[in-house]
Amino acid sequence: MIFLKDLIREAVSRLGAEVPYVELEVPRDEKFGDISTPVAMTLARPLRRAPRQIAEEIAGSLEEDPAIQSVDVAGPGFLNFRISTDFLLKELERVLRHGPDCLVPEPPERRKVQIEFVSANPTGPLHLGHGRGAAVGAALANLLQRGGYEVEKEFYINDAGRQVRLLGESIYARYQERFGKEYPFPEDGYKGDYISELAGRIAEEVGEKYIGISFDEAGGFFIERGTREMLDTIRTDLETFGVVFDRWQSEKLLYTEGLVKKCLDGLRSEGKLYEKDGALWFRASDYGDDKDRVVVKSDGSHTYFASDIAYHWYKIQRGFDELIDIWGADHHGYIPRMKAVIRALGEDEGKLSVILVQMVSLLRGGKPVQMSKRSGEFITLREVIEEVGADTTKFIFLTRKADSHLEFDIEVAKKESSENPVYYVQYAYARIQSIYRKAAEQGIGLEDIPFDAIMYLKEPEEMRLLKKILLYPLIFEGAFRAREPHRITFYLQELAGLFHPYYNTHRVLSDDAGLTGARLLLLRAVELVLREALSVLGISAPERM
RNA sequence: GCCCCCUUAGCUCAGUAGGAUAGAGCACAGGAUUCCUAAUCCUGGUGUCAGAGGUUCGAAUCCUCUAGGGGGCACCA
């Protein structure tokens, strides 16, 4: 269907006009045709002519095209196209011949993009919100990669500063407790059971080695050991979830390797930092932020913002054309200062885009599950994956756009029924595989079917299915441009929503060898798109269910 | 107090970059399987797009105000 864009663009240019993009949409009602465009209406103003008149002219110059069966002008100036069956079948053949690669349009340029996501503090296990960020980030990375960009996925490790110190001290306190020593548990310390467990393991390993040694002296060990273990947990949890990073960037290393100093020195020499009240400030307000921000406190220690500046500077040094940060929505107030940093570093602020992922409220059977981080009682991502499965969890995360609240009901997610759309989609795939197996039993080899068998396809349900298949490139393009993987999820439900009824009304395997072949080929294309789209989302395509 | 986001069917949400009569799933009721997997299908209806103004040939979509919900304000992380 996407070919229409070029056709329309050419027709528009024959009128001596131009459109920034050709908008194509699938009309709600089939009677309006297969696909339509409102370009004539958008051209009305620049051309100072009636939209319907413009539409008539575009229609006139396109109706001879072999791909187009008919083109009508309707309503205020819509152009409604009906695609010829011949052309649809040719397109089907092309898909069968060239596979999924011909479903994704080439991007206008090949970009190097970096996506940073999850980046949870290594102070405890991941919770559901992190999972949402992971699902969105990974799907977005797949999407951009599939669209031809070079993508790097990175996890930023906050292993310097107060939080990991607090982690170390919490473990230290539990360790002391093991040996009956009093040590005041740090205020805001981490109280989860995993801390006590870790302290227990350490106690078994090292015995009383750190008893009688102050935290100031022993802290290094507990901090290092704690962050390492937490990071291992995070990494394995993400792997279980099916999310793998290309790179893990340690904040601490930004300091020890001198990158923070180098970056700040550079900014300072350019006059973008200044001293006031004994602290070092970044002139964020010169670059669009509300106020200036401290990077080095008057006690000489760095704020997190300091390493964030250096981190983004470092990303730019590494030569990316585009940086994408995926943050929890509660960090939205941080965006202006980060954008200010990008501009101060001499880059277009559009180089950095921040995708905010909204909070997840966890329910069980309609009732909210209390999540209290302070008490350490919260449901972890791992627990949810174990209970409902990684595919389902991801799918639910990807059925909403990132920036909208999400209700995650564990009981609903667990149901293996139609309340659970992921099964609906996966079942379509499994059903197709099942038909292949049946076909094989009857001695029909998919590879042996000649492509021209597809001329036997003629049922309206078959044409509808075929049109939906050929719509995929358009959906993909939209999702790619908007950086919105959830559009793929909705498309999948629509595709499955055409397949299942088709399956129920028309038998694929029949006595008619030609028709059987034709239908198997159609299923081949459905299968191809299902697998392609599922792989973008990072969701498996099961052979059987 | 200031700033950001959200408000669409009973519920959960889509609605693409301002386009046609605003959609889907679930829930609810009834029905379908001698035949490729019933995790399926078929048939039933539902809206003050939070409210009020404005811009536009055209607004759920853009602007202003109001109400409700969430989030953020630091030499915290």
Side-chain angles (χ1 to χ4, degrees), chain A residues 20-21 23-29 32 36-39 41-42 44-45 50-51 74-78 80 121 123 158 161-164 166 188 276-281 290-291 293-299 301-305 328-336 356 358-359 361 366 396 399-401 403-407 409 412 415-428 430-439 441-442 474-475 477-479 481-482 484 486-487 489-490 493-494 496-497 499-510 516 519-520 523 544-545:
Chain A
Y21 60 88
E23 187 178 349
L24 289 181
E25 53 191 41
V26 179
R28 299 181 219 301
D29 198 321
F32 290 129
S36 77
T37 179
V39 282
M41 290 180 279
T42 57
R45 192 183 304 273
F78 285 97
N80 294 337
N121 282 339
T123 53
N158 289 109
R162 194 178 118 84
Q163 293 307 315
V164 286
L166 214 47
D188 304 326
K276 192 183 88 181
D277 306 330
L280 190 63
W281 298 69
D290 296 342
K291 48 183 125 176
R293 308 286 176 176
V294 171
V295 291
V296 181
K297 297 184 251 179
S298 51
D299 68 2
S301 64
H302 290 80
T303 60
Y304 268 64
F305 187 45
D330 52 341
H331 290 76
H332 70 82
Y334 215 76
I335 296 176
L356 296 177
Q358 267 293 353
M359 291 177 35
S361 22
I396 291 172
T399 41
R400 271 93 176 134
K401 55 179 187 225
D403 192 27
S404 69
H405 289 265
L406 175 100
E407 284 196 2
D409 193 314
V412 174
K415 285 190 195 162
E416 294 188 352
S417 72
S418 32
E419 274 181 77
N420 208 336
V422 65
Y423 297 117
Y424 188 76
V425 174
Q426 287 183 319
Y427 187 46
R431 260 187 162 167
I432 291 172
Q433 299 305 320
S434 167
I435 294 170
Y436 290 166
R437 286 191 293 269
K438 204 76 181 180
E441 279 173 28
Q442 297 175 13
L474 207 59
I475 302 297
E477 188 191 50
R481 175 188 50 76
E484 288 179 354
H486 77 275
R487 297 190 192 192
T489 318
F490 279 88
Q493 296 183 70
E494 289 170 14
F499 168 74
H500 288 303
Y502 175 64
Y503 174 93
N504 272 280
T505 40
H506 299 286
R507 278 194 64 82
V508 175
L509 306 175
S510 66
T516 299
R519 290 181 171 171
L520 280 170
L523 292 207
R544 52 183 89 225
M545 286 172 71

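Source: prediction; values computed, not measured. Every chain is numbered from 1 and lettered A, B, ... according to where its sequence line falls, protein lines coming before strand lines.
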According to the interplanar angle, ranging from 0 to 90°, do the rings of A:His486 and A:Phe490 count as parallel (below 30°), tilted (30 to 60°) or perpendicular (above 60°)? perpendicular
Give none if [N] has no partner; otherwise give the nucleotide forming a Watson-Crick or G-U wobble pair with it, both distances under 3.5 Å.
| N | value |
| --- | --- |
| B:U56 | none |
| B:G44 | B:C28 |
| B:A17 | none |
| B:A74 | none |

Start at the 5' end of RNA chain B and walk down; is the nucleotide closest to A:Gly278 or to A:Ala74 reached first? A:Ala74
Need to verify one output field. Residue with the more 5' nearest nucleotide on RNA chain B, A:Met545 or A:Ala44? A:Met545
Given [options], which nucleotide is nearest the side-chain atoms of [X]?
| X | options | value |
| --- | --- | --- |
| A:Arg507 | B:C35, B:A20, B:U37 | B:C35 |
| A:Met359 | B:C36, B:G71, B:A20 | B:G71 |
| A:His486 | B:C36, B:G15, B:U56 | B:G15 |
| A:Ile435 | B:A20, B:C41, B:C36 | B:C36 |
| A:Arg28 | B:G23, B:C13, B:U37 | B:G23 |
| A:Tyr334 | B:C36, B:U40, B:A77 | B:A77 |
| A:Asp330 | B:A20, B:C41, B:G72 | B:G72 |
| A:Tyr424 | B:C41, B:A38, B:U21 | B:C41 |

Looking at [X] and [Y], would you say the former's side chain and the latter's main chain have a donor-acceptor pair under 3.5 Å?
| X | Y | value |
| --- | --- | --- |
| A:Thr516 | A:Ser510 | yes |
| A:Arg519 | A:Arg507 | yes |
| A:Thr303 | A:Val294 | yes |

Taking only the [atom1] atom of each, what is the distance from [N] to [M] in whole angstrom?
| N | M | atom1 | answer |
| --- | --- | --- | --- |
| B:U40 | B:U55 | P | 50 Å |
| B:G15 | B:A60 | C1' | 8 Å |
| B:A77 | B:U64 | P | 35 Å |
| B:C5 | B:U21 | P | 30 Å |

When you check the phosphate oxygens OP1 and OP2 of [N], does a side-chain N or O of [X] lie under 4.0 Å from one of them?
| X | N | result |
| --- | --- | --- |
| A:Arg293 | B:A74 | yes |
| A:Tyr423 | B:A39 | no |
| A:Arg431 | B:A38 | yes |
| A:Lys291 | B:C73 | no |
| A:Tyr502 | B:C41 | no |

Any donor-acceptor pair under 3.5 Å joining the side chain of [X] to the base of [N]?
| X | N | value |
| --- | --- | --- |
| A:Ser298 | B:C75 | yes |
| A:Asp188 | B:A77 | no |
| A:Ser36 | B:A20 | yes |

Does [X] reach a base, just sugar-phosphate, or nothing at all? Heavy atoms under 4.0 Å.
| X | result |
| --- | --- |
| A:Ala430 | base |
| A:His506 | base |
| A:Asp299 | nothing |
| A:Tyr427 | base |
| A:Tyr436 | nothing |
| A:Arg162 | sugar-phosphate |
| A:Pro501 | sugar-phosphate |

Nearest-0.5 Å distance, NZ of residue A:Lys438 to CG of residue A:Leu509: 9.0 Å
Restricting to non-hydrogen atoms, name the atom on [X] and the atom on [Y] that form the minimum distance, rounded to 0.1 Å.
| X | Y | value |
| --- | --- | --- |
| A:Val164 | A:Asn158 | CG1-O, 3.5 Å |
| A:Ala496 | A:Val425 | CB-CA, 4.0 Å |
| A:Gln358 | A:His405 | OE1-CE1, 3.5 Å |

Interface polar pairs with nucleotides 16-18 of chain B, N/O, under 3.5 angstrom:
residue, atom, partner, partner atom, Å
B:U16, O3', A:Arg481, NH2, 3.3
B:U16, O3', A:Arg487, NH2, 3.3
B:U16, O2', A:Arg481, NH2, 3.3
B:U16, O2', A:Arg487, NH1, 3.3
B:A17, OP1, A:Arg481, NH1, 2.5
B:A17, OP1, A:Arg481, NH2, 3.0
B:A17, O2', A:Tyr21, OH, 3.3
B:A17, N7, A:Arg481, NH2, 3.0
B:A17, N6, A:Arg481, NE, 2.9

Side chain proximity check, A:Gln163 to A:Tyr304, heavy atoms < 4.5 angstrom: yes
Student check: side-chain heavy atoms of A:Gln426 and A:Tyr423 closer than 4.5 Å: yes
Can you pull every protein N or O that's under 3.5 Å from an N or O on nucleotides 3-12 of chain B?
residue, atom, partner, partner atom, Å
B:U12, O2', A:Arg400, NH2, 2.2

